[in-house]
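Worksheet for the structure shown next.
Naming: A, B, ... by sequence-line order, numbering from 1 per chain. Values reported hereafter were calculated over all heavy atoms of this structure, with side chains retained and with hydrogens, waters and symmetry mates removed.
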Amino acid sequence: MISICMALRKSLLLFVAVAAVSGCAPQQIPKEALQFSQESPELRRLQTRRFQTTDEQRLLTAGAGILQEMGFAIDTRETRLGVIAGSKKQSLDSLGEKAASFAVAVLTGQLGFPYGMPVSKDELVKVSLVTRPSENPKDTFVRLTLQRVVWNSEDKVRSSELLKEPEVYRQFFEGLGKAVSLEVHEL
Amino acid sequence: MSCKAVSLARTGACGLILVLLGGCPYLPRELEPLKSQLEIVKIQSRTFDTADRDKALRTIIAVLQDLGFVIDTGDYALGSVTGLKVDDYLLKMTVTVRPHGTSKLLVRADARYHVTPIFDSGPYQQFFSALARAMFLEARQAD
């Protein structure tokens with residue numbers, strides 16, 4: 001009876017080990033990756049403003065200036081397509097995360113298996129600024145898109161996401177409106 | 001009796017392993033049937049009944065943004081646009097536009113999931129459907 005239990009236990013362990021290393025983690029492109037999501041129109045509204053001008057060059061130049069003020073380096077620009085792309089990498093210093101990591105280390109240390117919880121270390125924010133003539137021949141659309149990748153103290157990607165905080169977009173477009181002395185229209 | 005039980009347990013474990021491996025949606029690249037270059041071109045390309053290259057490139061940029069991409073590079077002379085999408089994964093999409101005859105454009109997309117090139121037709125079908133809707137034109141298989 002004991003040997004049956006042992007054999008079953010070994011089988012179970014083997015199963016778990018194989019499950020862990022069998023490569024069943026999703027390796028295929030997610031189905032929703034290239035599909036319009038329900039939040040696509042909302043995202044477009046968040047990221048886009050309309051300006052009453054046809055001068056795309058002026059909007060791009062002013063926009064590049066604001067991005068630089070926000071700490072971005074301009075990596076590429078193609079004004080004939082109305083595209084500017086930039087990035088900024090910075091160190092993160094979250095006191096909250098460090099305090100939590102310290103607390104976990106103390107707690108697990110007392111339990112006899114000390115564990116240092118990794119904390120956020122660096123972030124890379126990528127930005128693209130795109131201008132596009134509106135259906136109304138007097139207007140131009142400007143769309144800003146921001147993505148962030150965060151690495152932890154073990155140099156592993158902790159999170160990667162599209163930035164959806166309205167405040168960031170609002171601040172940029174307010175600055176752009178002032179820089180080109182034009183009213184900013186939401187969609 | 002106990003020997004039979006042990007044997008049964010072992011068999012069960014092997015069976016579970018096989019089921020587990022068989023159920024994996026991912027087939028290692030070495031085991032995938034190789035696609036010819038012609039098949040890959042067919043999967044990645046569509047033609048559109050327009051000669052307006054500028055509008056096509058700008059529409060591609062808008063579609064990529066609607067799909068959650070950040071535009072990484074754009075090159076008017078080459079007719080090329082690259083977008084990056086991060087959402088707990090990395091997806092890179094490079095799309096090029098070039099004339100196809102006198103009245104059509106050939107659009108070719110190349111998707112990379114992390115660093116792996118994608119040769120499945122599904123993702124490209126999704127992208128070209130979105131592009132066709134945005135261009136108000138039909139995406140046709142290249143000749």
Side-chain angles (χ1 to χ4, degrees), chain A residues 1-4 6-15 18-19 22-37 39-41 43-44 47-48 75-85 87 126-130 132-133 141 143 145-149 157 159-162, chain B residues 1-3 5-14 16-17 20-21 23-28 54 57-59 61-63 65-77 81-91 93 111 113-114 116 118 120 122-127 129-130 133:
Chain A
M1 193 64 188
I2 292 169
S3 67
I4 294 171
M6 289 279 285
L8 284 171
R9 189 175 291 174
K10 278 182 185 173
S11 301
L12 185 64
L13 284 172
L14 190 61
F15 175 76
V18 170
S22 65
C24 277
Q27 294 286 329
Q28 285 185 323
I29 182 168
K31 278 185 181 171
E32 68 279 5
L34 289 168
Q35 269 178 347
F36 286 122
S37 66
E39 65 172 354
S40 292
L43 209 57
R44 193 185 304 157
Q47 298 174 338
T48 312
D75 299 326
T76 179
R77 64 176 73 203
E78 179 52 273
T79 50
R80 284 176 295 180
L81 292 175
V83 172
I84 285 179
S87 61
K126 288 194 74 75
V127 62
S128 66
L129 176 67
V130 175
R132 185 164 58 90
F141 289 123
R143 185 163 184 174
T145 315
L146 293 151
Q147 285 176 348
R148 174 171 54 199
V149 181
V157 172
S159 63
S160 56
E161 60 187 353
L162 195 67
Chain B
M1 181 68 184
S2 96
C3 274
V6 172
S7 169
L8 192 67
R10 280 186 184 151
T11 310
C14 290
L16 283 170
I17 292 164
L20 188 72
L21 292 174
C24 282
Y26 176 66
L27 207 56
D54 289 24
L57 281 166
R58 283 182 181 254
T59 309
I61 290 169
V63 168
Q65 286 185 303
D66 276 345
L67 292 171
F69 285 80
V70 156
I71 304 305
D72 192 41
T73 61
D75 192 314
Y76 180 83
V81 173
T82 300
L84 295 174
K85 182 172 182 177
V86 293
D87 189 2
D88 292 331
Y89 56 81
L90 173 66
L91 181 59
M93 194 83 165
Y113 183 61
H114 296 283
T116 310
I118 302 295
D120 298 334
Y124 295 101
Q125 186 61 49
Q126 286 179 321
F127 173 72
S129 295
R133 277 202 300 276

Between the main-chain N or O of B:Tyr89 and the side-chain N or O of B:Tyr113, is there a donor-acceptor pair closer than 3.5 Å? no
If every non-hydrogen atom of A:Gln28 is compared with every non-hydrogen atom of B:Asp120, which pair is closest and at what distance? NE2-OD2, 4.4 Å
Are any side-chain N or O atoms of B:Tyr124 and backbone N or O atoms of B:Ala111, one a donor and one an acceptor, separated by less than 3.5 Å? yes
On a heavy-atom basis, the closest approach of A:Val130 and B:Gln65 is CG2-NE2, 3.4 Å
May I ask you to name which of A:Thr76, A:Leu34, A:Thr79, A:Leu162 has the most heavy-atom pairs under 4.5 Å with chain B? A:Leu34
Which heavy atom of B:Leu67 sits nearest to which heavy atom of A:Phe36, and what is that distance? CD2-N, 3.8 Å
When heavy-atom pairs shorter than 4.5 Å are enumerated against chain B, which of A:Asp75, A:Val149, A:Thr145 gives the highest number? A:Thr145
Might you point out which heavy atoms bring A:Arg80 and B:Arg58 nearest each other, and give the distance in Å? O-NH2, 3.3 Å
With only heavy atoms counted, which part of A:Gln147 is less than 4.5 Å from chain B, the side chain, the backbone, both or neither? both
The interface call for B:Leu91 against chain A, heavy-atom contacts under 4.5 Å, is side chain
Going by the rule salt bridge (charged side-chain N to carboxylate O under 4.0 Å, His left out), which residues pair with B:Asp72 if we only count those two or more places apart in sequence or in a different chain? A:Lys126
Heavy-atom pairs under 4.5 Å with chain A - which of B:Val63, B:Asp75, B:Thr73 has more of them than the others? B:Asp75
Is chain B contacted by the side chain of A:Val127, its backbone, both, or neither, given a heavy-atom distance below 4.5 Å? backbone
With chain B, which of A:Ser87, A:Ser159, A:Ala85 has the greatest number of heavy-atom pairs at distances under 4.5 Å? A:Ala85
Interface moiety of A:Leu129 toward chain B, non-hydrogen atoms closer than 4.5 Å: neither
Which answer fits A:Glu32, side chain, backbone, both or neither, if we ask what part of it has an atom under 4.5 Å from a heavy atom of chain B? backbone
Could you pull out the closest heavy-atom pair between B:Val86 and A:Arg148, with the gap in Å? CG2-O, 4.3 Å
Among the options B:Val81, B:Asp66, B:Asp87, pick out the one with the most heavy-atom pairs lying under 4.5 Å from chain A. B:Asp66
Using non-hydrogen atoms only, which part of A:Ser160 is less than 4.5 Å away from chain B: side chain, backbone, both, or neither? both
Sort B:Leu90 into side chain, backbone, both or neither according to what part of it lies under 4.5 angstrom from a heavy atom of chain A. neither
